[in-house]
Undergrad: 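Got a structure for you, written out below as structure tokens; questions coming shortly.
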Amino acid sequence: MTTLTLYFRSYCSLCEEMWRALEMQRARLGFELVVVDVDSDPVLEQSYGALVPVVCGPDGKELFHYFIDTNTLDAYFAAR
């Protein structure tokens, strides 16, 4: 099963929206979702800054940020 990682901040409304949208897609596409608060790690905080929310594939490659991109998500899973 493929694992996607959502980098987020707990006080970020865009992050909460992304999390809800990914949960809806998870049922359809069958992936695991790992949620990481960038504020819990100074390196992540520096890496992502104001870019959150960010969704990355298992290889760490960024798939999209700020808003869910279902076209990119579908293409990603079609290619797997």
Side-chain angles (χ1 to χ4, degrees):
M1 180 176 283
T2 300
T3 301
L4 299 182
T5 303
L6 168 62
Y7 293 99
F8 88 118
R9 286 196 159 94
S10 61
Y11 55 85
C12 168
S13 62
L14 281 179
C15 298
E16 293 296 328
E17 288 176 27
M18 177 78 81
W19 195 345
R20 283 191 297 272
L22 286 169
E23 285 296 336
M24 291 182 358
Q25 295 301 314
R26 201 162 72 104
R28 184 174 69 87
L29 296 170
F31 58 86
E32 289 187 42
L33 183 63
V34 174
V35 180
V36 178
D37 188 339
V38 298
D39 292 327
S40 67
D41 182 332
V43 174
L44 290 175
E45 186 177 11
Q46 183 175 0
S47 296
Y48 293 107
L51 190 62
V52 295
V54 177
V55 175
C56 295
D59 58 359
K61 183 179 177 188
E62 181 184 319
L63 299 177
F64 44 86
H65 62 274
Y66 299 134
F67 301 99
I68 193 167
D69 183 338
T70 55
N71 291 330
T72 297
L73 197 59
D74 288 343
Y76 177 79
F77 280 95
R80 294 191 75 66

Undergrad: I'd like to check Ser10 versus Asp39 (side-chain heavy atoms, cut-off strictly below 4.5 Å). Are they in contact?
TA: no

Undergrad: Show the nearest heavy-atom pair for residues His65 and Met18, with the distance to one decimal.
TA: C-CE, 4.3 Å

Undergrad: With rounding to the nearest 0.5 angstrom, report the CE to CZ distance, Met24 to Arg20.
TA: 9.5 Å

Undergrad: How many angstroms lie between atom CD1 of Ile68 and atom CD of Gln25, to the nearest 0.5 angstrom?
TA: 5.0 Å

Undergrad: With the side chain counted from C-beta on, respond yes when Leu6 and Glu23 share a heavy-atom pair under 4.5 Å apart, and no when they do not.
TA: no

Undergrad: If you measure from OG1 on Thr5 to CD on Glu62, what distance do you get to the nearest 0.5 Å?
TA: 12.5 Å

Undergrad: Residues sharing Leu44's hydrophobic cluster, by side-chain heavy-atom contacts under 4.5 Å among ILVMFWY, directly or via others?
TA: Tyr7, Leu14, Val34, Val36, Val38, Tyr48, Leu51, Val52, Val54, Tyr66, Phe67

Undergrad: Would you name the heavy atoms of Tyr76 and Leu4 that are closest together and state the gap between them?
TA: CE2-CD2, 4.1 Å

Undergrad: Can you tell me how far CZ of Arg26 sits from OG1 of Thr2, rounded to the nearest 0.5 angstrom?
TA: 13.0 Å

Undergrad: If you round to the nearest 0.5 Å, how far is CZ of Phe8 from CG of Leu22?
TA: 12.0 Å

Undergrad: Working note: Asp74 + Leu29, criterion side chain to side chain contact (heavy atoms under 4.5 Å, CB included); need CA distance, chi angles, decisive distance, verdict.
TA: CA-CA 8 Å; Asp74 288 343; Leu29 296 170; 4.1 Å; yes

Undergrad: Please report the closest heavy-atom contact between Cys12 and Pro53, naming both atoms and the distance.
TA: SG-CD, 4.4 Å

